[in-house]
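Take a look at the structure set out below.
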Amino acid sequence: MSEPARVLHARLHLLDRQVVRESDDRLLCKADDLEVQPGDRPYVTAILSGPLALGPRLGGLPGWLMSETDRLFRGEERPGPYRIEMSAVTEIGSAVRVAGHRQDLALER
């Protein structure tokens, strides 16, 4: 029998947490922002990481500089923040554990 879904406070339980790979506890990134599906009961669809996720959250000139510098040096035509689908999350505790390989998670190099 499967467990019922947990209701979490996204800002408290996810934002600014370390994200680690489940297989070897290697640090992958930090949860800089969240992608939320709106509706009657909004839910988190992905964890976003990197300067393009953190910059807009910081706001002001520091946030803009962070985002634009990353866009300049990434070399992609339309770069976006790094994403980890919530389906890859296996545990939410003091750190967020995710399953998969580093390449599968498309995180910072």
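Atoms considered below: every heavy atom in the structure, side chains included; atoms not considered: hydrogens, waters and symmetry mates. All residue numbers in this chain count up from 1 along the given sequence. The structure displayed is predicted, hence computed values, not measured ones.
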For residues [X] and [Y], report the shortest heavy-atom separation together with the two atoms involved.
X   : Y   : value
H13 : R17 : O-CG, 3.6 Å
V44 : A10 : CG2-CB, 4.1 Å
V19 : A31 : CG2-N, 4.0 Å
G50 : D32 : N-OD2, 2.8 Å

Between [atom1] of [X] and [atom2] of [Y], what distance do you get to the nearest 0.5 Å?
X   : Y   : atom1 : atom2 : value
D16 : R57 : CG    : CZ    : 4.0 Å
E85 : I47 : CD    : CD1   : 10.0 Å
Q18 : K30 : CD    : NZ    : 5.0 Å
I84 : L34 : CD1   : CG    : 11.0 Å
L28 : E22 : CG    : CD    : 11.5 Å
L72 : S67 : CG    : OG    : 12.5 Å

Polar contact flag, side-chain donor to acceptor under 3.5 angstrom, E35-T45: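 There is such a pair between these side chains.
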Is it true that a side-chain atom of D70 and a backbone atom of P51 form a donor plus acceptor pair closer than 3.5 Å?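 No, the answer is negative, given that no donor and acceptor are paired below the 3.5 Å cut-off.
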Heavy atoms, side chains only, cut-off 4.5 Å: are L52 and P79 in contact?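 Counting from C-beta outward, L52 and P79 do come under 4.5 Å.
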Validation row: R97, D25 side chains within 4.5 angstrom (heavy atoms):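 Yes, their side chains come closer than 4.5 Å.
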In this structure, are over 12 heavy atoms from other groups packed under 6.0 Å from D24 atom CG?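 Enclosed: over 12 neighbouring heavy atoms sit under 6.0 Å from CG of D24.
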Flag yes if Y43 and L14 sit in one hydrophobic cluster, no otherwise; membership is Ile, Leu, Val, Met, Phe, Trp, Tyr, and two members link when side-chain heavy atoms are under 4.5 Å apart.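 Result: no, two separate clusters.
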Same cluster or not: are V89 and V36 linked, directly or through other Ile, Leu, Val, Met, Phe, Trp or Tyr residues, by side-chain heavy atoms under 4.5 angstrom apart?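 In one cluster: yes.
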By the rule that ILVMFWY residues connect when side-chain heavy atoms come within less than 4.5 angstrom, directly or transitively, which residues belong alongside L54?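 Noted: L54 shares its cluster with L58, M66.
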